[in-house]
Amino acid sequence: DNKRAIGHRRVEEGGDGWPGVLAYVSVLVLVFVCVRENALSLDWFGAGRFQAGRVVSGEWWRAVTALTVHRELDHLGGNLAFGAFFGYFVGKYFGNGFGWLAVLLAATGANALNAWVQSPAHHSIGASTAVFAALGMLATYTWRRGYLRDTPWRSRIAPIIASLGLLAFTGTAGENTDLGAHLFGFITGLG
């Protein structure tokens with residue numbers, strides 16, 4: 001009877017999440033079509049994919065362009081689904097401009113870190129680094145903003161534990177999975 005009441009704090013919203021999601025989906029689908037159709041007779045895949053040795057030797061833009069390149073429809077579909085889901089909340093809580101810029105910077109930083117720790121021959125593609133950066137951002141945001149304040153410690157760390165579970169469940173499967181990019185994306189997102 002004398003226990004202090006458990007309080008939940010309302011999540012503050014900084015904007016509508018849909019415009020950022022629409023831009024994200026549009027860019028990924030447009031680049032996917034350009035890669036598949038060799039639009040303008042350019043090698044979109046070769047020009048945009050992440051190659052650790054080339055990033056370290058000065059082609060820094062590959063840390064950004066690799067986030068947009070996909071070859072298979074299922075790879076694109078997974079990144080669209082999870083990226084749109086997490087990106088919607090990033091846009092809603094941080095605002096579309098700041099939120100998506102933060103995701104882009106975190107994912108680019110993650111790719112740069114990945115370039116430094118991988119062999120020069122390492123290469124990868126896809127927006128999953130950005131997806132895990134968004135997941136890390138959301139975990140830190142809900143944890144640090146105190147939305148589960150006045151709750152037992154297990155409840156307060158639930159966003160971090162849940163996001164680690166999602167990282168482990170969705171970010172480690174498959175033979176072509178870039179574990180370093182996923183992990184660094186999540187870590188830079190947490191930061």
Measuring from [X]:[atom1] to [Y]:[atom2], what's the distance to the nearest 0.5 Å?
| X | Y | atom1 | atom2 | value |
| --- | --- | --- | --- | --- |
| Tyr93 | Tyr88 | OH | OH | 8.5 Å |
| Arg36 | Glu72 | CZ | CD | 7.5 Å |
| Leu105 | Leu101 | CG | CG | 4.5 Å |
| Thr65 | Ile125 | OG1 | CD1 | 11.0 Å |

Ignoring hydrogens and geometry, is there a side-chain-to-backbone donor-acceptor pair from [X] to [Y] under 3.5 Å?
| X | Y | value |
| --- | --- | --- |
| Asp43 | Gly46 | yes |
| Asn111 | Val64 | no |
| Asp178 | Ser124 | no |
| Thr140 | Met137 | no |
| His70 | Val29 | no |
| Trp116 | Val56 | no |
| Arg49 | Val69 | no |

Derivation and outcome, side-chain contact (heavy atoms from CB on, under 4.5 Å), residues Asn79 and Tyr24: CA-CA 10 Å; Asn79 284 333; Tyr24 170 78; 4.1 Å; yes
[X] side chain near [Y] side chain, heavy-atom distance below 4.5 Å:
| X | Y | result |
| --- | --- | --- |
| Thr108 | Trp61 | no |
| Leu164 | Phe186 | yes |
| Phe50 | Asn114 | yes |

Shortest non-hydrogen separation from [X] to [Y] and the atoms involved:
| X | Y | answer |
| --- | --- | --- |
| Leu190 | Gly136 | CD2-O, 3.5 Å |
| Ala107 | Ala133 | N-CB, 4.1 Å |
| Ala139 | Ser163 | CB-OG, 3.3 Å |
| Trp100 | Gly83 | CH2-O, 4.0 Å |
| Ala52 | Ser119 | CB-O, 3.3 Å |
| Trp44 | Cys34 | CD1-O, 3.5 Å |

Derivation and outcome, side-chain contact (heavy atoms from CB on, under 4.5 Å), residues Val25 and Val21: CA-CA 6 Å; Val25 169; Val21 170; 4.3 Å; yes
Could you state whether [X] and [Y] fall into the same hydrophobic cluster, counting links through intermediate Ile, Leu, Val, Met, Phe, Trp or Tyr residues with side-chain heavy atoms under 4.5 angstrom apart?
| X | Y | value |
| --- | --- | --- |
| Val55 | Ile187 | no |
| Leu138 | Phe98 | yes |
| Leu73 | Leu28 | yes |
| Phe45 | Val31 | yes |
| Phe132 | Val90 | yes |

Exceeds 12 heavy-atom contacts within 6.0 angstrom, atom CZ of Phe32: yes
Mutual orientation of the aromatic rings belonging to Phe85 and Phe89 [parallel < 30°, tilted 30-60°, perpendicular > 60°]: perpendicular
Pair Tyr141 + Phe94: ring centers closer than 6.0 Å: yes
Distance-only donor-acceptor check, side chains Ser128 and His182, under 3.5 Å: yes
Verdict with supporting geometry, Leu67 and Leu104, side-chain contact (heavy atoms from CB on, under 4.5 Å): CA-CA 9 Å; Leu67 299 170; Leu104 179 63; 3.9 Å; yes
Arg62/Gln51 under side-chain contact (heavy atoms from CB on, under 4.5 Å): CA gap, chis, key distance, verdict: CA-CA 7 Å; Arg62 290 180 180 276; Gln51 292 174 292; 3.6 Å; yes
